[in-house]
Peer 1: 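Here you go, one structure.
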Amino acid sequence: MASEQRYFNRDWQRTVYCGDVAGRDGTEVPVVVNGWVRRRRDLGGLIFIDLWDHTGIVQVVFNPELAGQVHERAKELRSEFVIAVRGRIRVRPEGTSNDSMRTGNWEIMADDFIRLAPAAPLPFEVGDTTDRVDENLRLHYRYLDLRRERMQRNLRLRHKISMHTRNYLSDRGFLEVETPMLTLSTPEGARDYLSPSRVNPGAFYALPQSPQIFKQILMISGFDRYFQIVKCFRDEDLRADRQPEFTQIDIEMSYLVEQDIFDLIEGYLHGLFRETVGTEIPVPFRRMTYREAMDRFGSDKPDLRIPTEIHDLAPVFVNTEFEPFKEMLAGGGFIRGLPLPGGASLSRKGLSDVEERAKRLGARALSPLQMKGGELKGPLAKFIDEEGRSLLARSGAIGDGDALFVIAGMDWREVSEILGALRLELAREHGLVAKGAWEFLWVTDFPLFEWDAEEGRWSSVHHPFTSPMTEDIALLDSNPGEARSRAYDCVLNGNELGGGSIRIHDPEMQEKVFSCMAFSKEAARGRFGFLLDALSMGTPPHGGIALGLDRLAMLLAGASSIRDVMAFPKTQKAQCLMSGAPSAVSPEQLEELHIQVLPPLPTAGEPKGREERPKT
RNA sequence: GGGGUCGUAGCUCAGUCGGUUAGAGUGCCGGCCUGUCACGCCGGAGGUCGCGAGUUCGAGUCUCGUCGGCCCCGCCA
């Protein structure tokens with residue numbers, strides 16, 4: 001053992017990264033490497049260490065004959081110890097090179113090393129790339145999880161996306177401007193995260209659901225083109241692709257029409273996919289109206305990798321004697337069907353399983369048809385006459401070997417959505433989703449409003465600053481539900497990658513839209529007064545889009561959750577298992593903020609790892 | 001708020017019909033080993049079967065509740 005402790009200093013700083021170690025034939029190159037002990041192989045005499053840093057792994061050899069004391073000390077090295085090694089790179093002896101390692105032709109003969117930090121026995125193996133680890137553990141020991149290959153790769157990919165984004169947009173005249181995180185709560189949209197104001201008793205900031213109003217204000221201020229890679233916050237329940245805080249690539253520009261956004265984003269994504277995954281995605285993307293997307297795929301974000309779509313079967317049953325369908329059609333209802341290629345082989349149990357699923361999704365009933373050897377089978381078969389059969393054959397809704405699931409209902413959207421959900425489930429189960437495909441799509445012509453039954457008023461489908469289509473402006477007075485907006489969504493493989501709209505730049509139009517939503521002038525003034533003021537002082541036509549950076553990264557990384565492309569995500573209960581957030585705070589903190597906390601309900605569980613809440 | 005699923009050694013899992021002392025692989029600890037690279041060989045330690053009730057002579061196993069992870073519906077302009 002060295003008699004005195006040695007510390008990290010310039011002499012021990014690396015001269016080369018582990019993954020970059022490469023020697024010269026016949027010459028020994030002196031180096032210093034820093035990193036983590038990934039694996040050790042103690043052969044009794046020789047000790048081999050795989051030393052890791054973010055660039056890769058290199059083999060270090062401790063030889064008792066070359067450095068006896070050093071070899072002796074190396075026996076104590078364990079997994080994930082942090083060390084600095086001084087040694088010489090050399091070509092590995094004949095027959096001992098390792099083709100599976102980038103540095104496998106070389107090794108470092110250790111002359112000396114210092115242990116920079118020990119590591120406690122680990123809750124899971126950092127170096128194990130195959131074994132899956134419980135996500136609980138991964139989140140609790142996130143620093144170890146992030147040290148693993150997959151997360152290293154994902155976060156580096158994410159960085160690449162960010163850099164590409166900044167370069168692309170900056171090159172096209174977009175200016176990155178930061179907007180406040182402590183801002184005004186707005187009534188529309190998701191639930192806000194609130195932050196109490198100490199100096200304004202009883203008042204609260206809201207964390208932004210998006211910088212929507214601020215980016216519009218920036219257009220009014222004449223910046224012409226804005227972007228921001230920005231955190232947004234929504235206090236809603238979590239999903240694989242939804243976290244309470246997430247990142248948007250937020251874009252806004254002036255004097256534009258929809259085509260400008262499409263061109264900009266298609267160019268952006270084309271370059272991004274080339275740079276990150278080496279794929280040339282075809283541009284321009286397909287376009288589809290909301291109506292068509294719902295009609296054919298039962299979704300406003302259809303996954304076009306799935307080769308089946310919904311068919312209108314009303315003509316097939318126009319002469320049917322089947323009473324329920326007869327009545328349905330007479331009353332203006334809909335009969336629609338979803339084909340399942342290869343579905344003729346489904347057993348009776350398989351069919352009833354699909355029916356069960358449709359009922360869980362909200363269908364009153366679902367009838368299966370199957371085509372076996374040119375013969376139509378199923379409970380509905382006898383209710384389809386010759387004409388219906390020939391129509392069915394010509395429609396392509398069912399071919400030999402297929403099944404067709406039929407649902408009838410009075411509500412076109414409801415019937416379509418159930419079939420759309422079924423389409424996703426069945427496609428996943430039967431392997432109908434085309435692998436390796438990137439199916440991009442613009443969905444346009446969304447309705448401007450949807451009816452909010454709870455509140456008994458119209459509310460925005462997109463947001464209240466979305467411009468109606470010029471040809472639909474008259475509908476605002478006569479039939480707001482039929483008015484279409486100038487909103488658009490960018491869809492990739494059934495994921496909503498982003499959305500945006502052309503905004504309202506006319507203060508009168510903005511007030512009109514508010515009034516359609518039964519916002520009194522005073523209420524609108526109270527909430528959005530500053531925007532209305534701004535609109536009144538010279539607003540250019542403007543619009544923009546926001547892309548979900550997390551979802552984009554998830555898709556590019558081939559991950560199944562945005563948690564895998566975020567450094568520190570939260571669980572479904574919106575907790576951080578590593579830090580323990582959210583937590584109770586001290587009575588003093590609450591008092592300063594003029595906050596009283598109600599005692600927890602008797603059934604409510606305590607947040608994990610927290611002591612009792614302070615008394616109020 | 002609701003539906004589904006999982007919870008057994010540090011980790012990944014097995015555990016039959018409810019029945020003796022709860023197993024395997026890996027990791028960990030100790031010993032041996034000078035060309036390994038998932039090193040090898042030998043030995044050892046390690047368990048609140050998530051938690052709490054209930055049924056039973058007997059519960060990892062059955063029932064109910066509860067806590068937590070994940071997936072989904074609602075919700076998410």
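Because the structure is predicted, anything quoted here is derived from the model rather than measured. Throughout, protein chains are lettered first and strands after them, A, B, ... in sequence-line order, and every chain is numbered starting at 1. Only this structure's heavy atoms are used, side chains among them; waters, hydrogens and symmetry mates stay out.
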Peer 1: What's the CG-P distance between Asp99(A) and G35(B), to the nearest Å?
Peer 2: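 To the nearest whole Å, that distance equals 20 Å.
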Peer 1: What integer distance in Å separates Phe62(A):CZ from G35(B):C1'?
Peer 2: 15 Å
Peer 1: Among the nucleotides G35(B), C75(B), G27(B), which one has an atom lying closest to any side-chain atom of Asp237(A)?
Peer 2: C75(B)
Peer 1: How many whole angstroms separate atom CG of Asn136(A) from atom C1' of C11(B)?
Peer 2: 13 Å
Peer 1: Are Lys301(A) and Asp489(A) within salt-bridge range, i.e. N to O under 4.0 Å?
Peer 2: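 Here Lys301(A) does not pair with Asp489(A) in a salt bridge, since their nearest N and O are not under 4.0 Å apart.
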Peer 1: Taking salt bridge (Lys or Arg N to Asp or Glu O under 4.0 Å) as the test, write out the residues that go with Glu236(A), two or more places apart.
Peer 2: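 Residues passing salt bridge (Lys or Arg N to Asp or Glu O under 4.0 Å) with Glu236(A): Arg191(A).
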Peer 1: To the nearest angstrom, how far is Glu454(A) atom CD from G74(B) atom C1'?
Peer 2: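 Those two atoms, CD and C1', are 11 Å apart.
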Peer 1: Between G52(B) and A59(B), how far apart are the C1' atoms? Round to whole Å, please.
Peer 2: 14 Å
Peer 1: In whole angstrom, what separates Leu137(A)'s CG from G27(B)'s P?
Peer 2: 18 Å
Peer 1: Given C11(B), G68(B), C75(B), identify the nucleotide with an atom nearest to the side chain of Val133(A).
Peer 2: C11(B)
Peer 1: Between Phe48(A) and Phe62(A), is the gap from one ring center to the other below 6.0 Å?
Peer 2: no
Peer 1: Could you write nucleotides 37-42 of chain B as a row of B, S and -, 5' to 3', where a protein heavy atom under 4.0 Å of any base atom gives B, of only sugar-phosphate atoms gives S, and otherwise -?
Peer 2: BSB---
Peer 1: Go ahead and name the base partner of C70(B); Watson-Crick or wobble counts if both distances stay under 3.5 Å, otherwise write none.
Peer 2: G4(B)
Peer 1: Looking at C73(B), I'd like to know if its phosphate oxygens (OP1 or OP2) sit under 4.0 Å from a side-chain N or O belonging to Arg239(A).
Peer 2: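 Answer yes for this pair, as a side-chain N or O of Arg239(A) is under 4.0 Å from OP1 or OP2.
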Peer 1: Rounded to the Å, how far apart are Lys75(A) NZ and U34(B) P?
Peer 2: 10 Å
Peer 1: Quick one: which of G27(B), G35(B), G69(B) gets closest to the side chain of Glu125(A)?
Peer 2: G27(B)
Peer 1: Base, sugar-phosphate, or nothing for Ser210(A), non-hydrogen atoms under 4.0 angstrom?
Peer 2: base
Peer 1: Report the distance from atom CG of Asp452(A) to atom C1' of C76(B), rounded to the nearest whole Å.
Peer 2: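 Rounded to whole Å, this separation is 14 Å.
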Peer 1: Once hydrogens and angles are ignored, does a donor-acceptor distance under 3.5 Å link the base of G35(B) to the side chain of Glu107(A)?
Peer 2: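 Indeed, a donor on one side and an acceptor on the other fall under 3.5 Å apart.
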Peer 1: Suppose we screen for side chain to side chain donor-acceptor pair (under 3.5 Å). Which residues come up paired with Asp235(A), at least two apart in sequence or across chains?
Peer 2: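 Checked Asp235(A) against side chain to side chain donor-acceptor pair (under 3.5 Å); zero matches.
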Peer 1: Should the pair Arg234(A)-Glu245(A) be classified as a salt bridge under the 4.0 Å nitrogen-to-oxygen rule?
Peer 2: no
Peer 1: Go nucleotide by nucleotide along RNA chain B from the 5' end; which of Val61(A) and Leu122(A) gets its closest nucleotide reached first?
Peer 2: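 Going by which nucleotide is closer to the 5' end, it is Leu122(A).
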Peer 1: What's Gln572(A) touching, base or sugar-phosphate or nothing? Going by heavy atoms closer than 4.0 Å.
Peer 2: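 Contact class for Gln572(A): base.
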Peer 1: Contact list please: residues 418-427 of chain A against RNA chain B, heavy atoms, distance less than 4.0 Å, in numerical order.
Peer 2: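 Nothing qualifies; none.
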Peer 1: Please determine if a side-chain N or O atom of Lys573(A) lies less than 4.0 Å away from the OP1 or OP2 oxygen of G68(B).
Peer 2: yes
Peer 1: Compare the minimum distances between each of C75(B), C70(B), G35(B) and the side chain of Phe48(A), then state the nucleotide with the smallest one.
Peer 2: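 Given the options C75(B), C70(B), G35(B), the side chain of Phe48(A) is closest to G35(B).
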Peer 1: Please confirm whether any donor atom in the side chain of Arg360(A) sits under 3.5 Å from an acceptor in the base of G74(B), or the reverse.
Peer 2: no
Peer 1: Going by purine N1 to pyrimidine N3 plus the second Watson-Crick contact, or the G-U wobble pair, all under 3.5 Å, which nucleotide sits opposite U20(B)?
Peer 2: none
Peer 1: Please work out if Arg357(A) contacts a base, only the sugar-phosphate, or nothing of the nucleic acid, heavy-atom cut-off 4.0 Å.
Peer 2: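 Nothing, no nucleic acid heavy atom in range.
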Peer 1: When rounded to the nearest Å, what value does the distance between P atoms of G68(B) and G25(B) take?
Peer 2: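 Roughly 35 Å separates the two P atoms.
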Peer 1: Taking the six-membered ring for Trp, is the centroid-to-centroid distance between Phe514(A) and Phe528(A) below 6.0 Å?
Peer 2: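 Yes: the rings meet the under 6.0 Å criterion.
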Peer 1: Could you state the atom-to-atom distance from CZ of Phe124(A) to C1' of C13(B) in whole Å?
Peer 2: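 Result: 18 Å.
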Peer 1: Would you call Arg41(A) and Asp50(A) a salt bridge, using N to O less than 4.0 angstrom?
Peer 2: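 Between Asp50(A) and Arg41(A) there is a salt bridge, with a charged N closer than 4.0 Å to a carboxylate O.
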Peer 1: When the C1' atoms of C6(B) and U66(B) are compared, how many Å lie between them, rounded to an integer?
Peer 2: 16 Å
Peer 1: Sequence neighbours excluded, which residues qualify as side chain to side chain contact (heavy atoms under 4.5 Å, CB included) partners of Glu425(A)?
Peer 2: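 Only Arg357(A), Leu361(A) meet the side chain to side chain contact (heavy atoms under 4.5 Å, CB included) criterion with Glu425(A).
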Peer 1: Charged N to carboxylate O below 4.0 Å: is that the case for Asp550(A) and Lys231(A)?
Peer 2: no
Peer 1: Measuring only the P atom in each nucleotide, how far is U63(B) from C75(B)? A whole number of Å is fine.
Peer 2: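 It works out to 33 Å between them.
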Peer 1: Has Gln209(A) got a side-chain N or O lying under 4.0 Å from the OP1 or OP2 atom of C76(B)?
Peer 2: no
Peer 1: Once hydrogens and angles are ignored, does a donor-acceptor distance under 3.5 Å link the base of G27(B) to the side chain of Arg78(A)?
Peer 2: no
Peer 1: How about CZ on Arg364(A), more than 12 heavy atoms from neighbouring residues, nucleotides or ligands closer than 6.0 Å, or not?
Peer 2: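 It does not: Arg364(A) CZ has 12 such atoms or fewer within range.
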Peer 1: Say we look at C28(B) and C64(B): how far apart would their P atoms be, to the nearest angstrom?
Peer 2: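 Each nucleotide's P atom is 42 Å from the other's.
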Peer 1: Any base atoms under 4.0 Å from Arg551(A), or only sugar-phosphate, or nothing? Heavy atoms, all strands.
Peer 2: nothing
Peer 1: Assuming nearest nucleotide by heavy-atom distance, tell me which of Asp134(A) and Asn63(A) is located more 5' along RNA chain B.
Peer 2: Asp134(A)
Peer 1: As a quick check of understanding, evaluate salt bridge (charged side-chain N to carboxylate O under 4.0 Å, His left out) for Arg551(A) and Asp241(A), giving each step before the final call.
Peer 2: CA-CA 7 Å; Arg551(A) 289 181 186 176; Asp241(A) 62 352; 3.7 Å; yes
Peer 1: With sequence neighbours excluded, tell me which residues meet salt bridge (Lys or Arg N to Asp or Glu O under 4.0 Å) with Glu72(A).
Peer 2: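 Scan of Glu72(A) (salt bridge (Lys or Arg N to Asp or Glu O under 4.0 Å), adjacent residues dropped) gives Lys75(A).
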Peer 1: Which part of the nucleic acid does Pro123(A) contact within heavy-atom distance under 4.0 Å: base, sugar-phosphate only, or nothing?
Peer 2: sugar-phosphate
Peer 1: If I pick the P atom on G30(B) and the same atom on G35(B), what distance separates them, to the nearest angstrom?
Peer 2: 23 Å
Peer 1: Can you tell me the pairing partner of C62(B) across any strand shown, Watson-Crick or G-U wobble, with both distances under 3.5 angstrom?
Peer 2: G54(B)
Peer 1: Who is the Watson-Crick or G-U wobble partner of G10(B), with both distances under 3.5 Å?
Peer 2: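 In the structure as shown, G10(B) has U26(B) as its Watson-Crick or wobble partner.
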Peer 1: State which of C72(B), C70(B), C75(B) makes the closest approach to the side chain of Leu139(A).
Peer 2: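 Among the listed nucleotides, the one closest to the side chain of Leu139(A) is C70(B).
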Peer 1: Sticking with atom C1', work out how far A14(B) lies from U26(B), rounded to a whole angstrom.
Peer 2: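 Roughly 14 Å separates the two C1' atoms.
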Peer 1: Between U16(B) and C76(B), how far apart are the two C1' atoms, rounded to whole Å?
Peer 2: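 Comparing C1' positions in U16(B) and C76(B) gives a spacing of 46 Å.
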Peer 1: Are more than 12 heavy atoms from other residues, nucleotides or ligands located less than 6.0 Å from atom CD of Glu482(A)?
Peer 2: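 At most 12 heavy atoms, drawn from other residues, nucleotides or ligands, come within 6.0 Å of this atom.
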Peer 1: Check if the side chain of Arg242(A) and the base of C76(B) share a donor-acceptor pair of N or O atoms closer than 3.5 Å.
Peer 2: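 Check passes, donor-acceptor contact within cut-off.
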Peer 1: Could you identify the nucleotide paired to G40(B), looking across every strand shown and requiring Watson-Crick or G-U wobble geometry with both distances under 3.5 Å?
Peer 2: C32(B)
